[in-house]
Structure formats: C-alpha cells, structure tokens
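Written below as structure tokens is the structure these notes are about.
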2 protein chains.
Amino acid sequence: MAKRITSIDVAVQAGVSQSTVSRVFSDIEKVAPDKRHRVLEAANQLGYIPNAIARSLTTQRTNIIGIVMANLTSPFYPYVLEKFLQCLRDMEKQTLLFTAAPNQDIDDIIPHIMQHRVDALIVTSATLSTEIVDKCLHYGIPVILFNRYVLNSNANAVCTDNAEGGRDIANLFLDTGHQNIAYIAGQSNVSTNTDREKGFSDRMHERGVTEWLREEGDFFYQSGYDAALRLLTRPDRPDAIFCASDNMALGAIDAARYGLGLRVPDDVSIAGFDDMPMASWPAYQLTTMAQQVDLMVATTIDLMQAKIEDPDSKPVLRLIPGRLVIRGSVRGV
Amino acid sequence: MAKRITSIDVAVQAGVSQSTVSRVFSDIEKVAPDKRHRVLEAANQLGYIPNAIARSLTTQRTNIIGIVMANLTSPFYPYVLEKFLQCLRDMEKQTLLFTAAPNQDIDDIIPHIMQHRVDALIVTSATLSTEIVDKCLHYGIPVILFNRYVLNSNANAVCTDNAEGGRDIANLFLDTGHQNIAYIAGQSNVSTNTDREKGFSDRMHERGVTEWLREEGDFFYQSGYDAALRLLTRPDRPDAIFCASDNMALGAIDAARYGLGLRVPDDVSIAGFDDMPMASWPAYQLTTMAQQVDLMVATTIDLMQAKIEDPDSKPVLRLIPGRLVIRGSVRGV
DNA sequence: TTGAAAGCGATACCAT
DNA sequence: ATGGTATCGCTTTCAA
C-alpha cells in the first residue's frame with residue numbers, strides 16, 4: 001500500500017491551502033473556478049478520496065444509518081431490506097446492517113451500533129426496551145421501529161394495521177360461507193401475531209362465531225406445514241385456514257396437497273398475510289393480506305428524517321393499512 | 001440531546017488520566033484493577049460509549065467490512081448475506097452494505113465505499129474492473145469477489161465450480177436416459193451462466209450429443225417460466241431441462257404443471273442450480289446442483305483475513321465444488 | 001475568496 | 001502502571 005493521500009497532499013500539488021481543498025470537496029463553499037479546477041485535477045492525479053471518518057469526527061454526522069434485521073431468511077424481509085437500501089442510497093446515506101444472533105437480545109447489540117455513531121437506527125421486527133431507546137436518543141440517535149411497536153416508548157414506529165387485516169380475513173372467510181375456520185398463529189408473544197389474531201377473533205365474535213380451531217407455528221414454512229397437517233387430519237377438518245404469515249400459508253398449502261392429497265381451495269381455503277413474491281406464483285396463487293412495503297419504507301424514512309431534523313418531535317405510531325389481494329386459494333370469491 | 005460524553009468526562013469522573021480510560025476500553029493494556037473498576041463505574045454512570053469514529057482515525061482500521069450485493073431479490077442471496085453477517089458479527093466486525101441501482105455500474109459505487117475506509121470489500125455476483133480493484137488495493141482495501149471472478153485481476157475470488165456442476169448435470173441427464181435435452185440460460189454475459197453452460201455442453205459433446213435446445217432467461221423465476229413454456233410447446237418437446245438457476249427451474253416446473261398440465265418428472269425432467277431453500281419444498285422437490293454457501297462464505301472470510309494480514313499476498317481463485325442434490329424432479333434416479 | 005489555526009475523540013509513543 | 005502529548009484527516013471559525 002502506498003502512502004495514504006490526504007487533502008494536504010492535494011493542497012501542495014495544487015498550490016493552494018488545505019482549507020481550500022476541503023471546501024472543494026464539501027461543495028457548499030465557494031472557491032474560485034480556476035482554483036477549484038486545479039484542486040480537482042490534483043486530486044484526480046493523486047487518486048485522492050476524502051476520508052469520511054475524519055469528516056464525521058468534525059461534523060458529528062456519519063451519513064450512516066443503522067438497520068437491525070431479525071430474520072433475513074423469511075422471503076419477506078429481503079424485499080424490505082432492498083427497499084431500504086434503495087431509499088437510503090438515493091439519499092446518499094450508507095447502511096450499516098446488523099442481524100441478531102439466534103436468541104441474542106437486540107438490546108445487547110445496540111451499543112455496538114452506537115459506537116459507530118449512526119445518524120439514525122431502524123429496527124425491523126424486533127422490539128427494544130424503552131431504556132435502550134432512551135439511551136439512543138440521549139446520544140442523538142433517533143430510533144424507528146418497523147413492523148413492531150412499543151407503547152409508551154420514545155421510538156417512532158411504522159406498522160401494518162395488523163388488527164384490521166385480521167378482521168378483513170375473518171370477513172372474507174365468513175362472507176364466502178366457510179363453516180369451520182382455523183387459525184395458524186405465529187409465535188404468540190410477538191405483536192405481529194397477536195394483533196392479527198385479535199382482529200381476526202374480534203370480528204369472528206362480532207359476527208356470531210365463537211369457536212374455531214387454532215394451532216401455533218413460528219411464521220416459517222415448516223411450522224405452517226406441520227400445523228396444517230395437524231388441523232387437516234382432525235375428524236372435524238376445517239374448511240378454511242388463516243395463516244399469520246404467507247410463509248406458513250405456503251407450507252399449509254403444500255401440506256394439504258402433497259401431504260394429504262386435498263385440493264386447495266376446493267377442499268380447504270387458505271389465506272396468508274404479507275404478500276411475499278412467491279404468493280403470486282402459479283403453484284400457490286395465494287389469497288393474502290398484502291403489506292404495503294414500499295409505503296411502509298417510505299414512511300419510515302420520512303419519520304427518520306423528521307426526527308433527525310427535530311430531535312424533540314414527539315414519537316408517533318403510523319399504521320399502514322394492508323391490501324387484500326384475492327388470488328385463488330380461497331373459494332367462493 | 002445532552003452533551004456528548006467523551007473519555008475525558010470519564011477520566012475526570014474517575015479521577016484518572018484520559019489515557020487510562022482509553023486503555024481500559026481498548027482492553028489490551030494492563031491497568032490496575034482498582035482504577036479499571038473506577039473507570040468502568042464512571043463510564044457506566046455517565047453512559048459513556050467509546051467513539052469508533054475517533055478510534056478509527058488513529059488506528060487506521062474501521063473494523064467495518066463493505067459488502068456489495070447485486071440482487072437481494074433472488075432467494076439465494078439473502079441466505080448468502082445472512083451467512084456473511086453471522087461470520088462478520090462473530091469476528092466483531094461491522095458490515096456496510098451496498099446494492100447497485102438497476103443499471104448502475106458497480107465501479108461507480110466503490111469510491112463511495114472507499115470514503116468510509118472499510119477494512120475490506122466483498123463483492124458478490126458482480127465484477128469490478130481491474131482498475132478499480134487496483135485503486136482499492138492502493139488504498140489498502142483488499143477486494144474479494146464472491147461467485148464471480150476476473151482473470152488477471154488482483155482481486156481474490158471464491159466461486160462455485162460452475163463448469164464441473166454443468167458437467168455433472170449433463171451426466172445426470174444422459175445416465176438416466178434422457179433423449180431430448182434443453183438448457184435454459186441466465187444472461188449470457190455473466191460467468192456464472194457461461195461456465196455452467198460450457199461445462200454442460202462440453203460434457204454433452206464428450207458423450208456424443210451434439211444437438212440440444214437452448215432458451216435464454218435472466219436467472220429469475222418469470223424468465224424460467226416463459227422459457228419453459230416456449231420449449232415445452234415445441235413439436236420436439238424436450239424430456240429434460242437444465243436451468244442455470246433454481247429460480248428459473250421453479251418457474252419451469254410451474255410452467256410445465258400449471259401452464260401445460262405436464263407432469264414433472266414423468267413428462268419432463270427439470271434440474272436446477274443453487275439449491276435455494278424452496279428447492280426442497282414438497283411442491284417442487286427440485287433436483288439441483290447445490291452451492292456450498294457456508295463453505296464459500298467461510299473461504300471468502302479466510303481469504304479476506306489473509307489479505308488483510310499480508311496485503312502483498314498473491315491473489316487466488318478458490319473453486320468450491322457443487323454438490324448434486326437428488327430429489328424428485330429428474331426421473332430415473 | 002483564501003489561509004492559518006483550533007478542534008473533533010480517540011490511540012500510541014514517550015517519559016516517569 | 002500511569003500521565004502528558006503528538007497525531008490521525010478533516011471541518012470550521014476567524015482574520016486577512
């Protein structure tokens with residue numbers, strides 16, 4: 001490795017002061033056209049690239065946004081991540097990405113992130129204790145929760161209206177005359193699941209249905225497959241299953257078809273939640289409650305910007321409505 | 001936001017010098033147990049978190065690894081990314097992640113990354129010009145290509161042995177008595193495709209087959225679906241299709257089944273390449289050439305480490321063999 | 001407009 | 001083992 005090129009080298013080469021070089025590369029300042037030209041030329045000649053580390057140290061801004069992702073393996077999240085990366089790239093921000101190790105407490109990784117003094121922190125599908133959120137805020141790092149919320153926290157949050165989505169699916173099943181309905185839950189301690197389930201069961205009750213089957217999974221494919229197998233081998237086989245995630249819904253469809261030789265939707269209707277890319281594949285044609293990812297991401301970025309510009313703004317929770325996407329996995333529509 | 005807490009604040013509070021505080025947080029140095037205790041206590045009390053920016057400026061190391069990813073939307077890459085994140089997290093390194101915008105030249109985003117003085121750069125499924133690689137090296141930033149290689153470049157590279165994989169699939173089809181074989185290509189200008197195709201066609205020739213069908217896709221699901229539709233509606237319908245990616249293979253299976261009512265593998269055998277998670281789902285049971293992602297990632301990290309420790313080490317290309325995974329989409333095995 | 005000089009918050013070398 | 005101090009590479013006053 002050759003000697004590192006700094007703005008001083010460029011200054012010497014261009015016959016100007018180091019300050020002037022700095023001004024050229026921070027754009028804003030006005031510097032005489034001829035000098036600017038000489039600086040640029042010298043920089044190019046020497047292969048100079050400004051050092052963002054040094055810049056961050058003085059400006060107190062890194063232009064880096066931290067993103068914490070829980071599970072990249074579920075096909076829904078890569079899409080979310082991709083969107084975030086696109087947005088941030090367009091804003092000329094860089095992205096420092098973190099995943100939690102299995103069973104690792106998200107709270108524990110935050111200090112690692114804070115060491116790097118990110119300008120803001122986006123946390124998807126994981127909750128943070130109010131203490132750690134406050135610690136971030138204390139350091140001037142806004143926190144925005146994506147698809148999770150914590151009441152009475154100082155963190156902003158953007159979330160699909162999961163309860164409303166659950167109600168809509170209940171309506172869908174009942175409107176199409178299904179008699180024996182089942183729900184396959186995600187982990188019962190995460191709000192994404194509980195909200196969907198709450199909306200679903202509230203609406204069922206409102207419409208006079210007081211009993212239905214329930215199995216619990218973990219949002220992943222295999223758990224949906226297994227849960228559906230348990231449900232569909234019962235003597236009182238359900239004729240409709242609402243799965244708390246698309247992933248589980250696809251598993252449920254495969255269990256019905258390949259595990260038990262049933263037809264979907266003729267023998268059993270299946271609905272999901274998320275609308276991940278595979279939901280539209282011919283093999284599945286899954287009817288599902290779509291999360292409006294693009295809108296959610298854009299909203300998250302907006303909240304982030306607002307909070308960066310006015311750190312004292314009050315935290316808000318933005319609920320984004322889901323969109324019911326009718327395909328072929330629920331009969332009678 | 002309160003005043004930022006620095007090591008000086010901690011030093012004052014603990015009644016020691018700032019140097020001592022620094023020593024406590026950089027671990028290595030020995031400092032008297034009682035002082036260390038006082039420092040830790042003061043730090044905790046003040047909510048002090050060391051500033052990695054300032055540290056990087058003096059140590060000339062950021063502990064950040066840059067990763068450039070081309071397409072997160074293909075289900076194969078999130079898995080790769082997840083593995084990288086895990087490995088790097090275990091090494092206490094942070095990850096700065098970049099994706100290229102559609103049609104954006106990867107070369108153009110490298111300077112943005114270099115500004116942040118990452119300790120190394122991992123580039124997946126994209127090539128870099130030799131000039132830009134040399135520029136990185138000049139700045140002491142090793143470059144490791146993942147699943148792509150550039151001959152005569154100074155970048156290290158880790159790649160599946162795509163040619164060998166292609167040969168193996170040719171063997172598989174011929175050993176199982178298929179007569180009319182077809183190949184669905186990815187973009188014909190990327191080495192991942194050309195190597196697979198080259199191995200495949202070489203072996204076909206070696207075994208006396210000189211003619212076969214060919215369609216071109218883009219590695220994604222839809223293109224596989226469309227290409228398979230074109231192939232399977234020909235009068236001389238192929239009885240075996242080798243797809244350059246699992247994604248396209250799944251599309252091909254769906255096209256055969258749902259587009260044309262054919263059975264897989266009875267009417268047509270289909271093989272893929274990658275072994276992404278869905279390949280094992282009951283709906284597909286795809287026979288495919290698996291890329292050994294864990295091994296590839298580990299190898300990449302090893303090369304990276306070696307290059308960081310000895311910047312003058314010669315660049316190497318590591319070929320990782322694929323593993324043929326026999327499931328149910330090819331008949332006769 | 002331009003240059004000189006004072007930080008930013010650590011590390012690391014040099015004394016003690 | 002501990003403290004003082006120069007240093008990393010920039011941005012940002014302050015004067016000129």
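In what follows, every chain begins at residue 1, and chains take the letters A, B, ... in the order their sequences are listed.
You'll find the side chain of B:L88 reaches within 4.5 Å of the side chain of B:M304, heavy atoms only.
Applying the 3.5 Å distance criterion, the base of D:dG9 shares no donor-acceptor pair with the side chain of B:R117. Within 3.5 Å, a donor on the side chain of B:S19 pairs with an acceptor on the base of C:dA12, or the reverse.
Residue A:F84 forms a ring-ring contact (aromatic ring centres under 6.0 Å, His included) with just one option from A:Y77, A:F146, A:Y79, and that option is A:F146.
As a whole-Å value, the separation of B:H116 NE2 from D:dG9 P is 16 Å. Put simply, CZ on B:R38 is 14 Å from C1' on D:dG3, counting in whole angstrom units. Counting to the nearest Å, the P atom of C:dC8 and the CD atom of A:Q60 are 8 Å from each other. Rounded to an integer number of Å, the gap from CE of A:M114 to P of C:dG9 is 14 Å. One interatomic measurement links the two molecules: CZ of B:R4 to C1' of C:dA10, which rounds to 14 Å at whole-angstrom precision. In this structure, B:I8 places its CD1 atom 13 Å from C1' of C:dT11, rounding to the nearest Å.
Between the OG1 atom in A:T130 and the CG atom in A:N152 there is a gap of 8.5 Å [rounded to 0.5 Å].
Comparing C:dC8, D:dT2, C:dA10 against the side chain of B:S22 picks out C:dA10 as the nearest. Residue B:N51 places its side chain closer to C:dA10 than to any other of C:dA10, C:dT11, C:dC8. In the set D:dC8, C:dT2, D:dC10, D:dC8 carries the atom at the smallest distance from any side-chain atom of B:L57. Closest approach to the A:S26 side chain among D:dG4, C:dT1, D:dT11 is made by D:dT11 (side chain taken as heavy atoms from C-beta onward). Ranking C:dC8, C:dA12, D:dG3 by closeness to the B:T20 side chain, first place goes to D:dG3.
Within 4.0 Å of B:Q18, counting heavy atoms only, lies at least one base atom of the nucleic acid.
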>> Evaluate B:T20 against B:S17 for side chain to side chain donor-acceptor pair (under 3.5 Å), listing each step before the verdict.
In response: CA-CA 5 Å; B:T20 300; B:S17 76; 3.2 Å; yes
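Remark on DNA chain D: of its neighbouring residues B:A54 and B:D34, the 5'-side contact belongs to B:D34, judged by nearest-heavy-atom nucleotide. Both A:T58 and B:K35 sit near DNA chain D, but only B:K35 has its closest nucleotide nearer the 5' end.
Between A:A43 and A:F25, the shortest heavy-atom distance links the atoms CB-CZ, 3.6 Å.
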